[in-house]
Undergrad: 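For reference, the structure I am asking about is given below.
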Amino acid sequence: MKAMSNTYSNMMKAAGTASVLAVCCLLTSCESRYNELPPKTDANIQYAIPYPETPTREEIDEFLQMREEYEQATY
């Protein structure tokens, strides 16, 4: 019975040691300093921006109607 408790005790010590090592690894894996600047990008990259679409008269009227409903509901 003594051998069984000794084995259990060794397993608990190993589990405790493994958990302490895991916590230490997690805490040291984070970068310790905060970089306030955003990451640098290549200045030669030019993004293709599409031309804006012109709304139709129906879309404009629908938008104006929604705006009027909103103003009546909130004022």
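For reference, positions follow the sequence shown, starting with 1. Nothing here was measured: the structure is a model prediction, and the numbers come from that model.
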Undergrad: Distance check, rounded to the nearest 0.5 Å: R57 atom CZ versus L64 atom CG?
TA: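 With rounding to 0.5 Å, CZ (R57) is 6.5 Å from CG (L64).
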Undergrad: A quick test of your reading: do over 12 heavy atoms of other residues, nucleotides or ligands sit less than 6.0 Å from CD of E58?
TA: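 No.
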Undergrad: Hey, mind stepping through Q65 and D61 against side-chain contact (heavy atoms from CB on, under 4.5 Å) and telling me if it holds?
TA: CA-CA 6 Å; Q65 182 183 5; D61 292 339; over 6 Å; no
Undergrad: For T56, does its backbone N or O pair with a side-chain atom of E59 as donor and acceptor, under 3.5 Å?
TA: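 Looks like yes, one N/O pair under 3.5 Å.
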